[in-house]
Amino acid sequence: MPKAAATKRGSKETKRRTKKDPNAPKRGLSAYMFFANEQRENVREENPGVSFGQVGKILGERWKALSEKQRAPYEAKAAADKKRYEDEKQAYNAQNDDESS
DNA sequence: ATTCTGATTGTTCCG
DNA sequence: CGGAACAATCAGAAT
């Protein structure tokens, strides 16, 4: 367990922190994104007719329903995507450093 | 050093 | 076109 429990992120009050960077090196995607990318086709096929109201929620439930090993490929992708972010992060760093002239 | 927070990411669906 | 449930994330900023 990391820390406390209740931690509603997005209180909108503290949102004014993290000053947006000049080129904002947006972070990478998340496992869910990769998972949804593959499952969306599958879930939609197994749940014909269901609207986002159902599919969306079902998708999330199924996400954890998979075995950790199943999430592996998605988590792996997420990790790989993060690396991608690291690259832009470095570009952002270089740009920032090169900006002073 | 440690803690936390916010920003972001992508899917589906519709009006 | 965007928003909202769904989940992860995680890197940097504040303490």
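Here is the naming used below: chain letters follow the sequence lines, and residue numbers restart at 1 for every chain.
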Between B/dT12 atom P and A/Y32 atom OH, what is the distance in whole Å?
11 Å
Picking from C/dA7, B/dC13, B/dT8, the nucleotide nearest the side-chain atoms of A/K26 would be B/dT8
So if you build clusters from Ile, Leu, Val, Met, Phe, Trp, Tyr with side-chain heavy-atom gaps below 4.5 Å, do A/F35 and A/Y85 land together?
no
Grab the OH-C1' distance between A/Y74 and B/dG10 for me, whole Å please.
14 Å
Does C/dA7 have OP1 or OP2 under 4.0 Å away from a side-chain N or O of A/K64?
yes
Distance, rounded to the nearest Å, where A/E38 contributes CD and B/dT12 contributes P:
12 Å
I'd like to know if A/E86 pairs up with A/K82 as an ion pair, taking the criterion as any Lys NZ or Arg NE/NH1/NH2 lying under 4.0 Å from an Asp or Glu carboxylate oxygen.
yes
Ion pair present between A/D87 and A/R84, side-chain N to carboxylate O less than 4.0 angstrom?
yes
Closest-nucleotide 5' rank along DNA chain C - winner of A/A79 and A/K57:
A/K57
DNA chain C nearest-nucleotide lookup for A/G56 and A/K82: closer to the 5′ end is A/G56
Classify the nucleic acid contact of A/F34 as base, sugar-phosphate or nothing, counting any heavy atom under 4.0 Å across all strands shown.
nothing
Closest nucleotide among C/dA7, B/dT11, B/dC13 to the A/S51 side chain
B/dC13
Counting only side-chain N and O atoms of A/K89, is one of them less than 4.0 Å from OP1 or OP2 of C/dA11?
no
Would you say a side-chain N or O of A/R27 is under 4.0 Å from OP1 or OP2 of C/dA8?
no
What is the nucleic acid contact for A/R40, judged by heavy atoms within less than 4.0 Å: base, sugar-phosphate only, or nothing?
sugar-phosphate
Given the rule that I, L, V, M, F, W and Y join up when any side-chain heavy atoms are under 4.5 Å apart, are A/L59 and A/L66 in one cluster?
yes
A/Y85 OH to C/dA11 P: how many Å, rounded?
7 Å
When the distance from CG of A/D81 to P of C/dA11 is rounded to whole Å, what number comes out?
11 Å
Nearest whole Å is fine: how far is B/dT11 P from A/E45 CD?
17 Å
So with a 6.0 Å cut-off around CZ of A/R71, is the heavy-atom count from everything else above 12?
yes
Without decimals, in angstroms, what is the distance between A/N47 CG and C/dA5 P?
20 Å
